[in-house]
Protein chains: 2
Amino acid sequence: MNYLKKVVIVSLCLYFPDLLHAQKHPNIMLSKENVASVREGLQKYPLLKDSYSEVLKEADLAVNAAIQVPVPRDGGGGITHEQHKKNYQRILACGVAYQLSQDLKYADYVRDILLIYAKQYKKWPFHPKSNPSNPPGRIFWQNLNDCVWQVHVIQGYDLVYDALSARDRKTIENDLFLPVLKYITADSYETFNRIHNHGTWAVAAVGLTGYVMGRQEYVDMALKGSDKQGKSGFFAQIDQLFSPDGYYTEGFYYQRYAIMPFIVFAKAIQQYQPELNIYNYRNGLLKKAVNTALQGTYTNGVFFPINDAIKEKTFESEELVYGVDIAYADMGGDPGLLSIARRQKKVVVSDAGLQVARDIYVGKVKDFSYRSQWIGDGKSGKEGGLGILRGRESKSQQCLVFKAASQGLGHGHFDRLNILYYDNGGEVFPDYGAARFINIETKGGGGYLKENTTWAKQTVAHNTLVVDQTSAFKANLKEAEKHYPRLIHFDVKDEIQVVSAEENNAYPGVAMRRTTALIRLDGLNKPLLVDIVQARSETAHQYDLPFWYKGHVVDASFKIHAKTNNLQALGERFGYQHIWLNSQSNIDRGNGYVTVLNANQFYTTTFATGTPLQIKLVSLGANDPELNLVESKAFILSQPQSTNQTFVSLTENHGGTDPRAEVTTGAKSSVAAVSIIKSDSMQTSFSFKLNDRLYTIKVNYQDKNNFIQINQ
Amino acid sequence: MNYLKKVVIVSLCLYFPDLLHAQKHPNIMLSKENVASVREGLQKYPLLKDSYSEVLKEADLAVNAAIQVPVPRDGGGGITHEQHKKNYQRILACGVAYQLSQDLKYADYVRDILLIYAKQYKKWPFHPKSNPSNPPGRIFWQNLNDCVWQVHVIQGYDLVYDALSARDRKTIENDLFLPVLKYITADSYETFNRIHNHGTWAVAAVGLTGYVMGRQEYVDMALKGSDKQGKSGFFAQIDQLFSPDGYYTEGFYYQRYAIMPFIVFAKAIQQYQPELNIYNYRNGLLKKAVNTALQGTYTNGVFFPINDAIKEKTFESEELVYGVDIAYADMGGDPGLLSIARRQKKVVVSDAGLQVARDIYVGKVKDFSYRSQWIGDGKSGKEGGLGILRGRESKSQQCLVFKAASQGLGHGHFDRLNILYYDNGGEVFPDYGAARFINIETKGGGGYLKENTTWAKQTVAHNTLVVDQTSAFKANLKEAEKHYPRLIHFDVKDEIQVVSAEENNAYPGVAMRRTTALIRLDGLNKPLLVDIVQARSETAHQYDLPFWYKGHVVDASFKIHAKTNNLQALGERFGYQHIWLNSQSNIDRGNGYVTVLNANQFYTTTFATGTPLQIKLVSLGANDPELNLVESKAFILSQPQSTNQTFVSLTENHGGTDPRAEVTTGAKSSVAAVSIIKSDSMQTSFSFKLNDRLYTIKVNYQDKNNFIQINQ
C-alpha cells in the first residue's frame, strides 16, 4: 500500500470510523479469513461434513422452490408464520452454502428474496394476530420473532454481501434493514431497552445489523441502550440477567433461548471490536452461561423445566449448538463440551464449528462432567438460587433439583422451595412446565394457554408446600419479585449431599423451610431421597404438600377408596379448580407410604408428620373446557389445620419388574417406621428403620459445620 | 460291540422299550453329541458367547448363594413365588453350565436343591393363595406355574444326570418327579387333559419328565391324553389350538407363552422318537406357529395385545428365543429369523442356538419380512381370523390389525371387528390389553384384576361398534364361543390393501360389517386409513363407535365444551361405568374431524355418518375404587337412535411438530368434505376431497373381483 492510499484510508477512518468495520464480509460466525479452512475441513471432519450436508439440503430446497413471501397473517405455527421462519432459515443456509460452494445460485436466492421483502416490508402493518401480552411484530405475531428473523437474515446477507451489486445492497439496506432497525429501536422502543430475553434478541438484531451495514450508531445503541448510557443494552443485560454463576433468571428454558443472541452478538463484537474483550466481560460470564445451561439438563439432555418451559427441549437445540461451539472454540472451553457436541450431532458451519469437529475427529473428546452444585440467582448471586444434587451414575443418574430461586420475571412460577426429582433416565417427581402446545396454532395460537396462568404457574402445580389453598404471594408477580428465598446450607460429600433453604414471605406469617438430601446408606441400591418441609406459624393454616409423580400407584399403607362417580374439583382458585379429587384417606398417626411403579422400577415415599393427616390422590383436568391440560397425577400430604407443621418423607428406589420376563424383585421398600422426634427453628430430628436397623437423622439449621447428622 | 451284547440289548429293548430312550443324557435342547461343538462355538460366535455368559452369571449366583426352598406362601410376584421361579431358572442355568464347563459345582447345586425339594415336596398342600379361577399349584398359586417349573427343572436334571449318583437320582425321581407327575396327571387331571395353553405346559412337563426318566407311559399320556386315545394331549392340542395358518386361538400373548412348551417338547420328541416326525406334523404347523407369532408383532417387536395381553411383551421374550432358534435350526426356517435372533440379542445355549449364532456370524442374516396377510382362526382356518395390513416402511411402518377372530377361549375379549392401528413406531388407536399388573403382588396378587372383566374384556374398551351400550354377546363367553365373524374380503395390492368382515350374532337383530383399507393416494405421505362400519337392523338402536387414541386432541371441527366439574360415568354396565364423559357435542350433519397430536405427528380422523351425531370425548377411570385402570382416552362417534347406520372415517397422518426446533408443519389435514352417498347390504359409497380433488370410493360387498373402486 502506498503512502497516499494509507493517508486516505486513515483519514477516511477518522471521519467515518464505521468504514473499517464494514469492509470485510462475511465476518460473524464464518469469517472471510477462515472460509478456505472450513472448506478444507468439510473433506476431513465427519461432523462438519454432516452439518454442512444439512445446510446444503436446506439451501437446495430454497433455490429449487418458488419464493414465497406471504403477507403476514397467522399466529405461531400457522402457515405464514412457518413460511417466514423457513425463509430466514433458508436465507442463512444459502449464505453459508454460497460461501462454501461459491455457487452464485445461493447468493441469488438471498438477493431475490430480500428484494421481495424490501418491496413489501414497509407496507405491512402490525401483525393482525398480535395480542396484548406481547408487543406486536410486523412479520410475526410478536416482536420477538421479528428480531429472531433479523438475527438470521442479517447473517445471511453478510455471507452473500460480496456477491450483490451495490444497487441491490442499497435497496435491501434502505428498504428493508433500515425500516427493520427503525421498527425495533423506535416502534419497539420499550422491548429494545428491556432487560429481558426479548430485549437480547432485539439488541442482537440491531447490533449485528449495525456491524454488517457499518452503522456504528446502531451498534452503540445495541451495546448500551437507546440513550447509550449503559442502563440498558447488551452489557446491561449481561450484568443483570445473569448471576455470577451464569444462571439466567428466567430459568433454563429461556436461558437456552437467550444463549443464541448472546453468543452470536458476542462473536460479532469480538470480530468487529475485539478491544471490548467481550468474552472476558464480567469474568467470562458468557462462557459460564453456556456451562450453566448444560448443567441445567438431566442426563437425557432435557432442560429442567422450571418456570415457563417446553419440556421436550434438550441441549440438542440449535441455540446450544451455537453456545457449545463458541464456548469451546472461542472461549477456551473444556473438552467435556466436545462430548455434548457429539450428542448434538452437529456443529455450526463456521470458524468455531470447524475447530469442534476437528478436535472431536482427533480424539480430544472427554465426557461432560455433571456436577452437584449450588447455582446462585440474581445479579449478586445472592437472590436465592438452585441446588442440584446428582448421583454418580451417568445414564441412570439420580438427580434432585431444588428451586429456591427468585421469581424469574413474568415467566416465573410461584413455586418457592419446589423440588424436581429424576432417576433412572426419567422423571420421578416432575414439574408440569408450561401449559402450552408450542406452535400448535389450534391451541391458543401456539402461545401460552390461559391454563398457564390458572394452572402451571400456581403453587399447587408444583412439588412444594401450599398454604391455605392459595399460591405463594397470592400469585402476584410484583409482590413475588420483591422477595427471594434464602440459602441455609448447601454441602456435597460422597455419602451425603444436602441443600436447605427458607422462604418467609411467600405466605405472610408462615416461615417455610425445606431441606433435601441424598443420603447413601448400607443396603440400598441408590441414595435415599430425604425431604424435610417445615412450616412455622403462630396461627393455624391448611398445609398441602403435593408430590406430582410419574407412573402408577401400586401400593399404599392405607386403603384407597377412590370416588366412583361425581368427581369433584378440589377447590376453586389458585390451581385447585383444575384438580380432580380421586380419593382421600385419613391417616390418624400421620405416617405411611405410597409406592409408585415408574418405568418398571418401584419408588416408595414413606412419610411422617407426627399429626393426623389426610392423603389425597388427585389427577389433573377439572375446569378445563378445552382439554388443554396434560395428564398428571399427584399424592398430596394434607394437614387441614395446624400452626407448626413438619413433613418428613423418604423416597427409596427399590426393585423393579421386568414385564417381558415376568419377573418382579424388591417390591417392598426397606424403609419403615419414620417418626419425627423434634422439629423447631433450631433443628428437625427423626428416626426410621432401614432393613430393621434404626437410624436417626438430625438437621441443625444453625450449625453449618454440623448441619446434618446421621446416627445408627 | 460283539454279537452277544447286541442280542442282549436288542432283547432288553424289546422287553423294555423305554430303555433305549433313557440311555442318553442330556438329550433335549442340548444333546450329548453336540456338547463339544457348542463348547467350541462359545469361542467363535459372539451371540452364543454372550448368551452363555448370561447363563453362567445366573449359575454362579446360584452356586454362591445359600439354597432357599421356602414353604410356598405368596401369590404371583411375592417372595416365595419369585424364589421358586428363580430356583427353576437357576437349576436350568446350572445344568447348562455343568455341561459346558464340566465344573461339578454346578451339578452339585442341582443335586442339592433337588434333594431339598424331594424332601419337602410331598408335604406341601395345595397352595394357600390359590383361587377358584385357576386350579391350584403346590409350589405356586396356580397349577400352570408348577408345570412351568417342571419343564425347566427336568431339563436341568437331564443336563446333570450323568454327574449324579444312582442313589440321588432315585431319591429325586421317586420323591420329587414322580409326585410331580402324579400331581399333574392325577390331581390336575382336568388341566392335563384340557385343550388350552395350561394343558400344553402340563403335557410338556409330563412328556419331558417321561423321556428323561425313561417312563414312556407318561410320554404316551402327554402325547395322547390320560386315556391315550388322542382326544387330548399334545397332538390334539396342535390340532385344535392352532389354525392351519399357525394362529393360536387365544391370541398372540398366549401364543407366545404356549410356544415354549410346544417347541421344547417337540424338540424332545424329535430327539427321542424321531419316527413321529413331529416337525412335519400337520404340514409343519409348529414352524408356522413361530412365524405367525412373529407376524403378530409390530415393528417395535411388541405383540399385538388382542384379548388378555400384557402390552410390554415383545418377541425378545424367552419363549420366542426358543421358538426362533428351533424354527431356524431344526425346522429349516428362513434366514429372516436370524435378524429376529439378532434383535433378541440371545440364543438358547443349545444345539439350535449354536447354529443360529454361527449363521449370524457368517453373515447369513436377512431382514425379517413383515407381510400383510389374513390369518385364519380355528382348527379349519374358517372361524374368522385376523387381517393385518402393513405399509412398506420398516421403522415408521403403518400397520392396521383387524380382529375378526373367534372368541379365543376364556381370555378372549368381546371385541368383534375391532381395529388396532399403529404408525411411526407406536400406537395410534391402541387396544387396552389386559387389566393386570403382572407379578405386582399388591395389585390383585399379580393376576388379572376384576377390572379385566368389568372393563378390559368389554366391547366399549375396544375400537369397535357397541350396540345399545352393551357388550357383544352380552359378554357371555359360552354364547360368544358359538359364533365367529365371517371374512368378506381380503386383498393386498400395492395401492390398496383392504379387509372386510361381518358379524351377525354379537347383537341379536343387528348385522355388523366393517371394511378397513389402507389406500395410497397422490399428495399423501402415507396411505390413508379408510374405515367403514355398517350396522343394519330393523329396529332402532344406539350405536357407539369408540376410537381409543394415544396423544392429545389439538383440534376438532366442533367446539369442545368439556365438563368443568361433577364428572359423571357414561353408563352403568358393560364397561361404560368405567368411562368418564368429558365432553359431548352434537353434530347435526354428522360430519367433522378430530386431530390428535401423537408423538409429535398429527393424525386427523375425518368422519361422516349422514345422520345427526353426538361426539363424546371420554377418559377412563370411573368406578375404579382401587385405581387399577390405566390412563386412556377416546372419542366416541355416537348415534343415539338409528336402525341402519354407517360410520365412514378417514384417518390421515400429516405433518408434525418438532418441539426442539419449535417448527410445525402440515398441521391441517388434506382430507375434507367426507359424504356418504349410499350404504346398504350390497354396497357403501362415499366421496371426499383430498387437497381439493374429489374422490369417490365404492365398496361392493358381493363382488370379490371388484370389491373396492376409487374414482377421481
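Below, read A as the first sequence line, B as the second, and so on, with proteins coming before strands; counting in each chain starts at 1.
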Legend entry - Interchain contact, B:Y253 with chain A, by part (heavy-atom threshold 4.5 Å): side chain
Inset, instruction - Please say whether more than 12 non-hydrogen atoms of neighbouring residues, nucleotides or ligands are located less than 6.0 Å from NZ in B:K57. - result: no
Inset, instruction - Name the option with the most non-hydrogen atom pairs under 4.5 Å to chain A; the candidates are B:K668, B:K443, B:H552. - result: B:H552
Inset, instruction - Against chain B, work out which of A:K85, A:E318, A:E626, A:H561 has the most heavy-atom pairs shorter than 4.5 Å and name it. - result: A:K85
Legend entry - Per-residue contact mode, A:E316 against chain B (heavy atom under 4.5 angstrom): side chain
Inset, instruction - Provide the closest heavy-atom pair for A:Q89 versus B:V663 in the form atom of the first, atom of the second, distance. - result: NE2-CG2, 4.2 Å
Inset, instruction - Check whether more than 12 heavy atoms from other residues, nucleotides or ligands sit under 6.0 Å from atom CZ of B:R573, and answer yes or no. - result: no
Legend entry - Interchain contact, B:A667 with chain A, by part (heavy-atom threshold 4.5 Å): neither
Inset, instruction - For each of B:D624, B:L567, B:V630, tally heavy-atom pairs with chain A at distances under 4.5 Å, and name the one with the top tally. - result: B:L567
Legend entry - Chi angles and distances behind the side chain to side chain contact (heavy atoms under 4.5 Å, CB included) call for A:T442, B:T595: CA-CA 10 Å; A:T442 49; B:T595 301; over 6 Å; no
Inset, instruction - Identify the heavy atoms of A:T564 and B:W580 that sit nearest to each other, and give their distance. - result: O-CH2, 3.8 Å
Legend entry - A:K550 atom NZ, over 12 foreign heavy atoms within 6.0 Å: no
Inset, instruction - Counting only heavy atoms closer than 4.5 Å, note whether A:L629 contacts chain B via side chain, backbone, both or neither. - result: backbone
Legend entry - Among A:V554, A:V553, A:N582, A:I440, residue most engaged with chain B (heavy-atom pairs, under 4.5 Å): A:V554
Legend entry - Straight-line distance of B:E662 CD to A:N145 CG, nearest 0.5 Å: 9.0 Å
Inset, instruction - Output the option from A:S317, A:A562, A:S583, A:A569 having the highest count of non-hydrogen pairs under 4.5 Å with chain B. - result: A:A562
Legend entry - Inter-residue atom distance A:I79.CD1 - B:T664.OG1, 0.5 Å rounding: 12.0 Å
Legend entry - B:D658 portion near chain A, given a 4.5 angstrom heavy-atom threshold: neither
Legend entry - Which atoms of B:N439 approach chain A - backbone, side chain, both or neither, heavy atom under 4.5 Å: both
Inset, instruction - With the side chain counted from C-beta on, respond yes when B:E82 and A:T665 share a heavy-atom pair under 4.5 Å apart, and no when they do not. - result: no
Legend entry - Ionic contact status for B:K633 with A:E631, cut-off 4.0 Å: yes
Inset, instruction - Calculate, to the nearest 0.5 Å, the distance between atoms CG and CG belonging to A:N565 and B:N566 respectively. - result: 10.0 Å
Legend entry - Most contacts with chain B, counted as non-hydrogen pairs under 4.5 angstrom, among A:K311, A:Q568, A:K559: A:Q568
